[in-house]
Amino acid sequence: MPNRFRKITVSMAFVGLAVAATAAPAGKDKIADTSVKSAQGTLWVDPADIQSRDLFYGPGGKKHQPNGTVFSFVDEDMDGTNPKYNVKDPDGVKWKIKLGAEAKPETAATRLVWAVGYYANEDYFLPDLHVTGLPAHLHRGGNLVGTDGEIRNARLKRHLKGEEKTGKWSWRDDPFANSREWNGLRVMMALINNWDLKDDNNAIYDDGSQRVYMISDLGASFGTTGFNPRQATAKGNLHNYERSHFITKKTREYVDFGEPSRPALFVFFNPAEFFPRMGLRWIGKRVPRNDARWMGQMLAKLSDAQIRDAFRAAGYTTEETEGFARVVEKRIGELAAL
């Protein structure tokens with residue numbers, strides 16, 4: 001998303017609107033069944049096999065991993081902030097390559113979110129790959145591609161046959177709002193420090209047999225709790241993840257999380273970015289304590305090895321894997337003890 005810096009004059013009325021936007025949505029709490037469904041679709045399915053889920057290969061499993069490391073270029077995807085290219089493998093399967101700071105954290109995040117029953121894309125991380133047929137000029141990421149089409153540290157998202165993105169859903173107005181499982185998703189975003197919770201990152205997919213709701217972009221995870229345009233600082237940054245605040249307030253009924261937080265202060269001079277981000281902070285506030293504990297108890301079923309597999313699959317070093325896993329495990333303990 002482009003930065004548009006300009007001189008600004010902020011009136012008290014403008015600030016008031018921004019503060020009002022942080023209010024939690026009203027609505028009566030709902031408790032869903034083992035799969036959270038509505039006439040519009042499905043958000044969550046009970047992961048009865050959670051203790052045996054393979055977090056190294058993730059939602060797609062070993063069977064759906066990329067067939068080799070050579071791909072042919074299709075076109076460039078200009079959505080979002082990170083370089084992305086659509087490619088095909090030798091079997092004709094379509095993949096979307098994402099480069100940059102989000103490649104590793106997104107791969108790990110999809111595995112943890114999927115482990116507890118939420119839908120996630122079939123993402124895989126490749127440390128090295130080769131793309132043939134690249135154009136002479138790429139709009140983004142040209143500096144990350146070798147002259148012979150060699151690419152390092154890429155996330156590949158598999159395109160599932162028959163699957164179609166039919167729209168996006170809003171945190172403030174979706175069929176599952178205020179359900180236990182909707183609150184559980186809020187908890188998961190706090191667990192992984194995914195601060196980029198704008199509605200554009202929420203997708204509805206339809207494969208002809210079912211319609212599913214998911215967070216389709218988890219790249220802004222495992223770093224700071226709020227927006228910072230310095231991507232290496234905000235995403236996949238172990239130092240900042242370790243230092244960030246998780247649970248910031250507890251009452252008998254509710255829990256507040258530190259994510260999403262206020263953007264970095266210098267972003268104030270970009271009001272088109274700053275104030276919408278301020279309006280997302282309610283997502284981490286007033287989460288019912290019982291729902292947060294429920295998610296913690298579910299996460300506690302994951303083994304140490306499963307959690308570490310999620311980060312190993314994302315290409316992190318042994319030291320980084322251990323560091324990220326320790327923070328995740330500490331947070332799970334805090335949730336389960338609520």
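This structure is a prediction, so every number in the text was calculated from the model and none was measured.
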Kindly give the heavy-atom pair with the smallest separation between [X] and [Y], and that separation in Å.
| X | Y | value |
| --- | --- | --- |
| Gly149 | Leu134 | CA-CD1, 3.8 Å |
| Ala108 | Ala314 | N-CB, 3.9 Å |
| Trp195 | Ala234 | NE1-O, 3.3 Å |
| Ser72 | Val131 | C-CG1, 4.3 Å |
| Thr225 | Gly258 | CB-O, 3.4 Å |
| Pro47 | Ala115 | CB-O, 3.6 Å |

Open item on the list: Any donor-acceptor pair under 3.5 Å linking the side-chain atoms of Thr166 with those of Asp206?
Closed with: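 Distance-only check fails for Asp206 and Thr166.
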- [ ] State, without any angle test, whether Asn183 and Arg186 hold a side-chain donor-acceptor pair at a distance under 3.5 Å.
- [x]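 Yes, a side-chain donor-acceptor pair sits under 3.5 Å.
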For [Y], is there any backbone N or O sitting under 3.5 Å from a side-chain donor or acceptor partner on [X]?
| X | Y | value |
| --- | --- | --- |
| Asp309 | Leu55 | no |
| Glu320 | Thr317 | yes |
| Thr110 | Ala120 | no |
| Glu164 | Asp207 | no |

Drop me the distance from [X]'s [atom1] to [Y]'s [atom2], to the nearest 0.5 angstrom.
| X | Y | atom1 | atom2 | value |
| --- | --- | --- | --- | --- |
| His245 | Glu259 | NE2 | CD | 13.5 Å |
| Phe324 | Glu242 | CZ | CD | 8.0 Å |
| Arg172 | Leu280 | CZ | CG | 8.5 Å |
| Arg312 | Glu322 | CZ | CD | 12.0 Å |
| Glu253 | Arg286 | CD | CZ | 8.0 Å |
| Ile97 | Leu156 | CD1 | CG | 5.0 Å |

Open item on the list: Checking Tyr316 against Lys104 for the side chain to side chain contact (heavy atoms under 4.5 Å, CB included) test, could you report, in this order, the C-alpha distance in whole Å, the side-chain angles of both residues, the deciding distance, and whether it holds?
Closed with: CA-CA 7 Å; Tyr316 287 110; Lys104 289 184 177 183; 3.5 Å; yes
Open item on the list: With a 6.0 Å cut-off on the ring centroids, do Phe311 and Phe222 count as close?
Closed with: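 Between Phe311 and Phe222, the centre distance is under 6.0 Å.
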TODO: State whether Asp291 and Arg289 are salt-bridged, where the test is any N-O pair (Lys NZ or Arg NE/NH1/NH2 against Asp/Glu carboxylate O) under 4.0 Å.
DONE: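 A salt bridge is absent here (no side-chain N lies under 4.0 Å from a carboxylate O).
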Do [X] and [Y] come within less than 4.5 Å of each other through their side chains, counting heavy atoms only?
| X | Y | answer |
| --- | --- | --- |
| Leu302 | Ile50 | yes |
| Val212 | Ile204 | no |
| Met189 | Ile283 | no |
| Trp171 | Leu197 | yes |
| Pro135 | Phe73 | yes |
| Arg155 | Tyr124 | no |
| Val116 | Val113 | no |
| Ile151 | Leu99 | yes |

Open item on the list: Quick one, Asn67 with Asp91, criterion side chain to side chain donor-acceptor pair (under 3.5 Å). Give me CA distance, side-chain angles, the key distance, then yes/no.
Closed with: CA-CA 8 Å; Asn67 179 15; Asp91 295 332; 2.7 Å; yes
Open item on the list: Filter on side chain to side chain donor-acceptor pair (under 3.5 Å), then keep only pairs touching residues 129-144, sequence neighbours left out; what's left?
Closed with: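 Side chain to side chain donor-acceptor pair (under 3.5 Å) check on residues 129-144 returns Glu76-His139.
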Task: Of all pairs that satisfy side chain to side chain donor-acceptor pair (under 3.5 Å), the ones with a partner from residues 113-123, not counting sequence neighbours - done: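 Only His64-Glu122 qualify under side chain to side chain donor-acceptor pair (under 3.5 Å).
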TODO: Please determine which of Glu273, Arg281, Met278 meets the side-chain contact (heavy atoms from CB on, under 4.5 Å) test together with Pro263.
DONE: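 The single option meeting the side-chain contact (heavy atoms from CB on, under 4.5 Å) with Pro263 is Met278.
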TODO: Let me see the working for Asn82 and Lys235 under side chain to side chain contact (heavy atoms under 4.5 Å, CB included), right down to the final yes or no.
DONE: CA-CA 12 Å; Asn82 287 261; Lys235 305 169 183 178; 4.0 Å; yes
Open item on the list: Under the criterion side chain to side chain contact (heavy atoms under 4.5 Å, CB included), I'd like the reasoning laid out for Met188 against Ile215: C-alpha separation, chi angles, the key distance, then a yes or no.
Closed with: CA-CA 11 Å; Met188 285 302 300; Ile215 297 178; over 6 Å; no
Give the table of side-chain donor-acceptor pairs shorter than 3.5 Å for residues 330-338, with sequence neighbours excluded, one pair per line with atom names and distance.
residue: Lys330; atom: NZ; partner: Glu334; partner atom: OE2; Å: 2.9
residue: Arg331; atom: NH1; partner: Ala190; partner atom: O; Å: 3.1
residue: Arg331; atom: NH1; partner: Leu191; partner atom: O; Å: 3.1
residue: Arg331; atom: NH1; partner: Asn193; partner atom: OD1; Å: 2.8
residue: Arg331; atom: NH2; partner: Ser244; partner atom: OG; Å: 2.7

TODO: Start with the C-alpha distance between Trp182 and Asp174, add both sets of side-chain angles, then the distance that settles side chain to side chain donor-acceptor pair (under 3.5 Å), and finish with yes or no.
DONE: CA-CA 10 Å; Trp182 180 82; Asp174 74 89; 3.0 Å; yes
Check the hydrophobic clustering (I, L, V, M, F, W, Y; side-chain heavy atoms under 4.5 Å; chains of links allowed) and say if [X] and [Y] are grouped together.
| X | Y | answer |
| --- | --- | --- |
| Met295 | Val327 | yes |
| Val87 | Val93 | yes |
| Leu160 | Tyr205 | no |
| Ile247 | Val287 | yes |
| Phe266 | Phe227 | yes |

Task: Asp128 vs Glu150, side chain to side chain contact (heavy atoms under 4.5 Å, CB included): CA-CA, chis, key distance, verdict - done: CA-CA 7 Å; Asp128 294 285; Glu150 182 182 4; 3.9 Å; yes
Task: salt bridge (Lys or Arg N to Asp or Glu O under 4.0 Å) partner of Asp217, chosen from Lys168, Lys96, Lys98 - done: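 Result for salt bridge (Lys or Arg N to Asp or Glu O under 4.0 Å) with Asp217: Lys98.
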Open item on the list: Surrounding NE2 of His159 (heavy atoms of other residues, nucleotides or ligands, distance under 6.0 Å), is the total greater than 12?
Closed with: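 Yes, because the 6.0 Å sphere around NE2 of His159 holds more than 12 heavy atoms from other groups.
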- [ ] Check step by step if salt bridge (charged side-chain N to carboxylate O under 4.0 Å, His left out) holds for Glu329 and Arg308.
- [x] CA-CA 10 Å; Glu329 289 169 338; Arg308 283 156 180 77; 2.6 Å; yes
Open item on the list: Could you go through Arg293 and Asn290, starting from their C-alpha distance and side-chain angles, then the distance that decides it, and tell me whether this counts as side chain to side chain donor-acceptor pair (under 3.5 Å)?
Closed with: CA-CA 5 Å; Arg293 182 172 60 249; Asn290 288 340; 2.6 Å; yes
TODO: Could you tell me how the ring of Trp95 sits relative to the ring of Phe71: parallel (under 30°), tilted (30 to 60°) or perpendicular (over 60°)?
DONE: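 It falls in the perpendicular class, over 60°.
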- [ ] Would you please test Asp77 and Asn86 for side chain to side chain donor-acceptor pair (under 3.5 Å) and show each step?
- [x] CA-CA 7 Å; Asp77 186 332; Asn86 293 309; 4.6 Å; no
